[in-house]
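In what follows, a structure is listed as structure tokens, so that the remarks can point back to it.
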Protein chains: 2
Amino acid sequence: MSGERPRRSDGTRAAILRAARERFAADGYERATIRAIAADAAIDPSMVMRYYGNKERLFAAAAEFDLRLPDLSAVPDEEVATVLIRHFLDRWEGDETLMALLRAGVTNPAAADRMREIFATQLVPLAERLAPGEPLTRAGLVASQVLGLALSRYVLKLPPITAMTRAEVVAWTAPAVRHYLRGRPD
Amino acid sequence: MSGERPRRSDGTRAAILRAARERFAADGYERATIRAIAADAAIDPSMVMRYYGNKERLFAAAAEFDLRLPDLSAVPDEEVATVLIRHFLDRWEGDETLMALLRAGVTNPAAADRMREIFATQLVPLAERLAPGEPLTRAGLVASQVLGLALSRYVLKLPPITAMTRAEVVAWTAPAVRHYLRGRPD
DNA sequence: TCTGTTTGCCAACGCTTGTTGGCATAACGG
DNA sequence: CCGTTATGCCAACAAGCGTTGGCAAACAGA
């Protein structure tokens, strides 16, 4: 019932999805053209339409994403923020889907929706287990710091941020994230 | 030598610039069309070309921006972060140029350039006066937090962040910014 | 082997985009 | 007053976009 038998075109479908993620990540929603994606996947643009219907649905398929947040129940309190930031950096650098979501989410409502959904369904529950009250607010603040870091480092490439090593980034931002997770406002 | 005598078309020029800022802020660089901007300014699209040459130069003119960072030399150390965040919120809500720069900067290299330039020439000097060493790094970190906040609150509209009042935002983020300005990494 | 389906390409459509050149009219300078 | 310049609109262009329909070839099941 749930199992779809493999088709001969699965390779092409996967190539399209891979190329789409690349282009959306590099160029954003409007500048990533179906024609360019098709060229990257070495097939005809009309195939993209046949397999994914239209550009919007192609993006939806390419923007499927799991943060894969680790289980932090065994991690000592003082290290939670450090582990979390390291994990986010890994996800940003190891999977271009997040970049596609960020670049597209700034101008495309559906992409922004997906972004909200991801943080609401995946980060908030983690904050619920970790934080002493107000998990929504805390999760939102952590998200804002992580997103700001990604924006500065990977998209805008602010020189002071790109100049930092991974370890420096973690060391500097960990206290801020720790404050959002367990601290109190002024 | 520096004084350009006023032209009869100055009103039109200003209307174009105002409409351009609005559209770039709302839609980003590629979705903000010359035609839409011209319609908002109630003139013909060809006038935009005559007065600004092309779309890229129009954006450059519309994205002229001054952070107007206040003199913080008289502000007590503990309040510097609070004052700074409040000022950024003011600038973000009172002038759509910053939104135009953010929305455009994610996909347009020239806009990203301008963004880097603004933070480098305006925020770094302030960090040099305030911070005990490493002003570049500290300015970059403050920028990342402020940009992340703006992205979450004004662009992506993450529900937990938009639900916060201005005062709550300031109270929660001030300790993080204070850490970036005067604290030490882990 | 014959038949129907899947995979792929080609050519084209309707539309929107940035951009251009020409033509009218209004304002200005002498 | 006339000639020049500035201002504005109209019509059109070439290019690129998402999208569609049809046709050839390869495959699958009988």
Side-chain angles (χ1 to χ4, degrees), chain A residues 3-63 100 103-104 106-111, chain B residues 3-63 100 103-104 106-111:
Chain A
E4 304 273 338
R5 62 180 175 73
R7 308 196 202 203
R8 195 153 37 99
S9 57
D10 283 352
T12 304
R13 295 179 129 92
I16 293 172
L17 223 49
R18 200 177 330 124
R21 261 188 283 261
E22 253 177 63
R23 284 285 178 175
F24 283 128
D27 300 337
Y29 187 82
E30 18 274 334
R31 295 187 34 178
T33 68
I34 300 266
R35 285 169 150 91
I37 291 167
D40 286 2
I43 44 98
D44 190 87
S46 63
M47 302 300 294
V48 179
M49 308 306 293
R50 174 148 17 186
Y51 292 138
Y52 292 96
N54 59 32
K55 190 178 182 180
E56 207 177 335
R57 285 213 291 267
L58 172 63
F59 179 81
R103 274 233 164 79
V106 169
T107 48
N108 183 273
Chain B
E4 303 274 338
R5 62 178 175 74
R7 308 195 201 200
R8 192 156 37 98
S9 57
D10 283 351
T12 304
R13 296 180 128 91
I16 293 172
L17 223 48
R18 201 176 330 123
R21 260 188 284 260
E22 255 178 59
R23 286 284 178 175
F24 283 129
D27 300 337
Y29 186 82
E30 19 275 333
R31 296 188 35 179
T33 68
I34 302 265
R35 284 170 151 91
I37 292 167
D40 286 1
I43 44 97
D44 190 87
S46 62
M47 302 299 295
V48 178
M49 308 305 295
R50 184 173 310 176
Y51 292 138
Y52 292 95
N54 59 31
K55 189 178 181 180
E56 206 176 336
R57 283 212 292 265
L58 171 63
F59 179 82
R103 273 234 165 77
V106 168
T107 48
N108 184 273

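Protein chains get the first letters and strands the later ones, always in sequence-line order, with residue 1 at the start of each. None of the values given here were measured: they were computed from a predicted structure.
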Item to check | Spacing between B/Arg7 atom CZ and C/dC28 atom P, to the nearest angstrom | outcome: 14 Å
Next on the checklist: Measure CD/B/Glu30 against P/C/dT17 and give the value in whole Å, please.
Outcome noted: 13 Å
Checklist entry - How close or far is atom P of C/dT17 from atom CZ of A/Arg31, stated in whole angstroms? => result 17 Å
Checklist outcome for this item: Assert: residue with more 5' nearest nucleotide on DNA chain C, out of B/Ala32 and A/Met47, is A/Met47
Donor-acceptor pairs under 3.5 angstrom involving side-chain atoms of residues 14-27 of chain B: please list them, not counting sequence neighbours.
residue: B/Arg21; atom: NH1; partner: B/Ala62; partner atom: O; Å: 3.1
residue: B/Arg23; atom: NE; partner: B/Asp40; partner atom: OD2; Å: 2.8
residue: B/Arg23; atom: NH2; partner: B/Asp40; partner atom: OD1; Å: 3.3

Item to check | Base-contact (B) and sugar-phosphate-only (S) positions in nucleotides 19-30 of chain D, heavy-atom cut-off under 4.0 Å, - elsewhere | outcome: SBBB----S---
Using distance only, find each side-chain donor-acceptor pair of residues 28-37 of chain B under 3.5 Å and give its atom names and separation, not counting sequence neighbours.
residue: B/Tyr29; atom: OH; partner: B/Glu56; partner atom: N; Å: 3.4
residue: B/Glu30; atom: OE2; partner: B/Thr107; partner atom: OG1; Å: 2.3
residue: B/Arg31; atom: NH1; partner: A/Thr107; partner atom: O; Å: 2.9
residue: B/Thr33; atom: OG1; partner: B/Ala36; partner atom: N; Å: 3.0

Item to check | Listed once per pair and sorted, the side chain to side chain donor-acceptor pair (under 3.5 Å) pairs that draw on residues 41-51 of chain B, sequence neighbours left out | outcome: B/Asp44-B/Ser46
Item to check | DNA chain D contacts among residues 20-29 of chain B, heavy-atom distance under 4.0 Å | outcome: none
Checklist entry - Looking at B/Tyr51, does any N or O in its side chain come under 4.0 Å of the phosphate oxygens OP1/OP2 on D/dA6? => result no
Checklist entry - Should B/Ser9 be listed as having a side-chain N or O under 4.0 Å from OP1 or OP2 of D/dA6? => result no
Checklist entry - Residues two or more places apart in sequence or in another chain: which of them pass side-chain hydrogen bond (donor to acceptor under 3.5 Å, both in side chains) with B/Arg13? => result B/Ser9
Next on the checklist: Just the rounded figure in Å: distance from P of C/dC9 to CD1 of A/Ile43.
Outcome noted: 7 Å
Next on the checklist: If the condition is side-chain hydrogen bond (donor to acceptor under 3.5 Å, both in side chains), which residues does B/Asn54 pass it with, not counting sequence neighbours?
Outcome noted: none
